[in-house]
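Before any comments, here is the structure.
Residue indices begin at 1 and follow the sequence shown.
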Amino acid sequence: MAAEAEVLDELHRLRARVPQLTGVLAASVDGLVLAHDTPGVEPEGLAALTAAALGVAVRMTDAAGRGELRELLLRGDHGYVATYAAGSSAVLTLLAQDRVNVGRLHLEGRRTGGRIGELVDALPPPTDAVAAKAPPGNPARSVAKTADAAPTTAPITPSSETPAKATVRSTMPRRTPRPTAPRTTPRTTPNTPTTSES
């Protein structure tokens, strides 16, 4: 597919601009590899872990009241793993050495994520078997079923000053608070000396 070749070209250009990168991967938000240049790292496993990490990160930013997830940066003893939004249905994951300039990593990652997002979003949508089963004349039902079947993201318009913004719906169920029943027994007061008459 021509779009996959263009995405791979973007990944190669990114590695040329940031020499401290040791691997680059473009994947769908549900963990399918679109293109990669990850020597020594299994791309399918990395894509699946990226999707899982995004699910947890979205829940964490939501629980902490930090708004929509924009990017994910992890640092280990031997370098960084950075994930950026790439349009409405893809993500860009970068593996970098520990000596990388993190500001440059963010700048180039956001820009490349925007370009890859444009390429991926321009592709015609795949035929969805779930949507095809919906009754004719009721598009809302097919959209709801499709939304339940796969994670979605909000469209992104990256710029050089503003970080890319992604919304990824987690497939993990939300925890609902347990209802508290009213107390039926009265509260007791501390023991007080009682006087008895004889």
Side-chain angles (χ1 to χ4, degrees), residues 1-58 68-76 78-128 146 149-169:
M1 180 183 281
E4 288 177 358
E6 291 178 33
V7 170
L8 189 58
D9 286 344
E10 284 294 336
L11 298 182
H12 289 314
R13 283 195 286 271
L14 175 61
R15 285 199 71 177
R17 287 193 305 271
V18 184
Q20 293 82 18
L21 288 178
T22 59
V24 288
L25 169 92
S28 65
V29 291
D30 53 355
L32 300 176
V33 176
L34 301 174
H36 69 92
D37 182 5
T38 55
V41 177
E42 181 191 349
E44 290 81 11
L46 184 60
L49 287 171
T50 297
L54 280 175
V56 172
V58 165
E68 296 176 350
L69 178 70
R70 294 182 178 214
E71 58 203 31
L72 180 62
L73 180 68
L74 305 172
R75 183 179 183 194
H78 304 293
Y80 294 89
V81 178
T83 300
Y84 303 93
S88 63
S89 61
V91 291
L92 171 68
T93 297
L94 308 179
L95 308 177
Q97 298 171 355
D98 192 42
R99 60 190 178 89
V100 72
N101 179 320
V102 178
R104 177 75 187 271
L105 179 72
H106 284 322
L107 178 68
E108 295 294 345
R110 292 168 187 158
R111 284 181 179 169
T112 303
R115 287 192 205 100
I116 290 173
E118 291 171 3
L119 293 170
V120 173
D121 290 345
L123 294 173
T127 339
D128 191 4
T146 305
T152 58
T153 57
I156 300 169
T157 313
S159 70
S160 57
E161 301 101 33
T162 342
K165 195 183 215 183
T167 303
V168 182
R169 183 185 300 172

Tell me which donor-acceptor pairs under 3.5 Å the side chains of residues 48-55 have, and how far apart each pair is, sequence neighbours excluded?
from	atom 1	to	atom 2	distance (Å)
T50	OG1	L46	O	2.8
T50	OG1	T93	OG1	3.2

Output the distance between atom CD (E42) and atom CG (L25), rounded to the nearest 0.5 Å. 11.0 Å
Say you draw a straight line from CG of L107 to CZ of R17; how long is it, rounded to the nearest 0.5 Å? 9.0 Å
Go through the steps to decide whether L11 and I116 satisfy the test side chain to side chain contact (heavy atoms under 4.5 Å, CB included), and finish with yes or no. CA-CA 9 Å; L11 298 182; I116 290 173; 3.7 Å; yes
Give the intermediate values and the outcome of side chain to side chain contact (heavy atoms under 4.5 Å, CB included) for residues R111 and L14. CA-CA 9 Å; R111 284 181 179 169; L14 175 61; over 6 Å; no
Nearest heavy-atom neighbours spanning D121 and G87: OD2-CA, 3.4 Å
Shortest non-hydrogen contact from L94 to L21? CB-CD2, 3.9 Å
All heavy atoms of V29 vs all of A90, minimum pair found to be CG1-N, 4.0 Å
What I want to find out is whether R115 reaches E6 closely enough, with some N-O distance under 4.0 Å, to be called a salt bridge. no
Give me each pair satisfying salt bridge (Lys or Arg N to Asp or Glu O under 4.0 Å) with a member in residues 89-104, each pair once, sequence neighbours excluded. R75-D98, R104-E108
Side-chain contact test, heavy atoms from C-beta onward, threshold under 4.5 Å: evaluate it for E4 versus L34 and give yes or no. no
Please determine if R13 and E10 form a salt bridge, counting it only when a charged side-chain N lies under 4.0 Å from a carboxylate O. yes
Identified side-chain hydrogen bond (donor to acceptor under 3.5 Å, both in side chains) counterpart of Y84 within the set R70, H106, R110, E71: H106
What heavy-atom pair brings S28 and V91 nearest, and what distance separates the two atoms? O-CG2, 4.3 Å
Would you mind reporting whether T83 and L92 have side-chain heavy atoms less than 4.5 Å apart? no
Closest contact, heavy atoms only, A96 versus T22: N-OG1, 4.1 Å
For residues L95 and Y80, determine if any side-chain heavy atom of one lies less than 4.5 Å from a side-chain heavy atom of the other. no
